[in-house]
Amino acid sequence: MQSVDLKKRRRAVKIANAVNSIEDVPASESSKLLSDRWSNGEISIEQMRAELLMKYKR
């Protein structure tokens, strides 16, 4: 993955976290960890989505 893409991902996560904070809807720690893994290129968006759905469909 190119460094430009990773920079965009990290920026997107930072903005999403800021918006959640402003709206007083903090993300769970597990969601933050998945977002960090995605923003670092460790998992795809599909993998992140699947893990979140598994966790919250229980």
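These numbers were taken from a predicted model, which means no experiment stands behind them.
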Atom pair CD (E42) and CD (Q47), whose distance is rounded to the nearest 0.5 Å: 10.5 Å
From S39 atom OG to D5 atom CG, the distance as rounded to the nearest 0.5 Å: 12.5 Å
Cluster overlap I43 with I45, hydrophobic side-chain contacts below 4.5 Å: yes
Spacing of S30 atom OG and E51 atom CD [to the nearest 0.5 Å]: 9.5 Å
S28 side, atom OG; L33 side, atom CG - distance, nearest 0.5 Å: 8.5 Å
Pair R49 + E46: basic N to acidic O under 4.0 Å: no
Minimum-distance pair of heavy atoms, taken over all atoms of M48 and L34: SD-O, 3.6 Å
Nearest heavy-atom neighbours spanning R9 and W38: NH1-O, 2.8 Å
Taking every non-hydrogen atom, the tightest pair across G41 and L6: N-CD2, 3.6 Å
Straight-line distance of R10 CZ to N40 CG, nearest 0.5 Å: 5.0 Å
Closest non-hydrogen atom pair between V13 and S35, with its separation: CG2-O, 3.8 Å
I22 CD1 to N17 CG distance, which is reported to the nearest 0.5 Å: 11.0 Å
Stepwise side-chain contact (heavy atoms from CB on, under 4.5 Å) check, Q2 with K8: CA-CA 10 Å; Q2 294 181 358; K8 286 181 180 181; over 6 Å; no
